[in-house]
Amino acid sequence: QVRLVESGGGLVQAGGSLRLSCAASGGIFRYYTMGWYRQAPGKQRELVAIIYSGGSTNYADSVKGRFTISRDNAKNTVYLQMNSLEPEDTAVYYCNAEVKYYSGSYYLHDYWGQGTQVTVSS
């Protein structure tokens with residue numbers, strides 16, 4: 001069982017910055033694929049950024065060049081540095097851990113945090 005706890009959300013003016021943190025407990029963090037997702041009111045949850053166990057990353061086109069995902073395996077924590085924030089970035093941000101298990105064959109299981117609100121005012 002993996003538990004994820006996000007922090008760092010809040011209210012910021014357009015052009016400002018925030019850093020989200022997600023602390024994981026349970027299992028072996030360094031093996032997990034970690035991601036940040038967001039869900040705005042009336043919209044589907046969407047992938048913002050992902051970081052693999054080897055450190056490679058991918059970003060949604062809408063945040064490329066503005067957001068940076070990173071991980072600290074010693075602290076079991078993943079971060080999302082958000083710069084040049086825009087009102088369109090307003091959403092609840094969720095941390096995700098994709099964990100591989102083996103039970104006769106390999107399968108993946110997703111764990112989610114409770115979410116943290118990010119509001120960007122114009």
Side-chain angles (χ1 to χ4, degrees):
Q1 190 76 9
V2 176
R3 182 168 180 256
L4 303 173
V5 179
E6 300 107 332
S7 60
L11 173 64
V12 65
Q13 288 189 330
S17 299
L18 283 174
R19 188 174 84 153
L20 305 183
S21 300
C22 172
S25 58
I28 306 175
F29 177 81
R30 66 182 180 273
Y31 293 142
Y32 302 161
T33 296
M34 300 298 300
W36 286 97
Y37 291 72
R38 67 186 181 188
Q39 188 167 18
K43 294 187 176 181
Q44 288 190 328
R45 190 173 297 188
E46 63 175 358
L47 175 66
V48 176
I50 193 167
I51 184 166
Y52 298 93
S53 58
S56 59
T57 58
N58 277 312
Y59 296 90
D61 288 342
S62 59
V63 307
K64 281 181 182 176
R66 300 189 298 122
F67 291 10
T68 302
I69 188 170
S70 61
R71 64 192 299 161
D72 186 335
N73 289 337
K75 295 182 178 180
N76 289 355
T77 300
V78 63
Y79 304 97
L80 185 68
Q81 178 66 45
M82 304 185 293
N83 299 329
S84 302
L85 282 160
E86 304 168 352
E88 292 74 24
D89 296 316
T90 295
V92 177
Y93 284 70
Y94 296 91
C95 178
N96 169 269
E98 184 182 82
V99 181
K100 182 184 289 187
Y101 291 101
Y102 181 80
S103 178
S105 62
Y106 286 103
Y107 64 96
L108 300 175
H109 185 83
D110 284 316
Y111 293 92
W112 295 92
Q114 81 286 355
T116 185
Q117 177 71 46
V118 171
T119 303
V120 184
S121 63
S122 57

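Values below: all heavy atoms of this structure, side chains included; hydrogens, waters and symmetry mates excluded. One-based numbering along the sequence shown.
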Minimum heavy-atom separation for [X] and [Y], please, with both atom names.
X	Y	value
Ala40	Thr90	CB-O, 3.7 Å
Val118	Gly9	CG2-CA, 4.2 Å
Gly27	Tyr32	CA-OH, 2.9 Å
Pro87	Ser122	CG-CB, 3.8 Å
Asn83	Ser17	OD1-OG, 2.9 Å

Nearest 0.5 angstrom please: [X] [atom1] to [Y] [atom2], how far?
X	Y	atom1	atom2	result
Tyr94	Gln114	OH	CD	9.0 Å
Leu80	Tyr59	CG	OH	7.5 Å
Arg66	Leu85	CZ	CG	6.5 Å
Gln39	Glu46	CD	CD	9.5 Å
Trp36	Phe67	CH2	CZ	11.5 Å
Cys22	Met34	SG	CE	4.5 Å

Q | Identified side chain to side chain contact (heavy atoms under 4.5 Å, CB included) counterpart of Met82 within the set Ile69, Asp89, Leu20, Val48 | A | Leu20
Q.
What verdict does the side-chain contact (heavy atoms from CB on, under 4.5 Å) test give for Arg38 and Ser62, after you've listed the backbone C-alpha separation in whole Å, the side-chain angles of each residue and the deciding distance to 0.1 Å?
A. CA-CA 12 Å; Arg38 67 186 181 188; Ser62 59; 3.4 Å; yes
Q. Less than 6.0 Å separating the ring centroids of His109 and Tyr107?
A. no
Examine [X] and [Y] and state if one hydrophobic cluster contains both, with Ile, Leu, Val, Met, Phe, Trp and Tyr joined whenever side-chain heavy atoms are less than 4.5 Å apart.
X	Y	value
Tyr37	Tyr52	yes
Val92	Ile50	yes
Tyr93	Ile51	yes
Tyr79	Val63	no
Tyr102	Val2	no

Q.
Looking only at side-chain N and O atoms, does Asn96 offer a donor or acceptor that is under 3.5 Å from a partner on Glu98?
A. no
(Q) Measuring only between side-chain heavy atoms, which start at C-beta, is Tyr111 closer than 4.5 Å to Gln1? (A) yes
**Q.** Whether Arg30 side chain and Asn73 backbone form a donor-acceptor pair below 3.5 Å
**A.** no
(Q) Checking the side chain of Gln81 only, and the main-chain atoms of Arg19 only, is there a donor and an acceptor separated by less than 3.5 Å? (A) no
Q: Under the side-chain contact (heavy atoms from CB on, under 4.5 Å) rule, what do Trp112 and Cys95 come out as? Steps first, then yes or no, please.
A: CA-CA 6 Å; Trp112 295 92; Cys95 178; over 6 Å; no
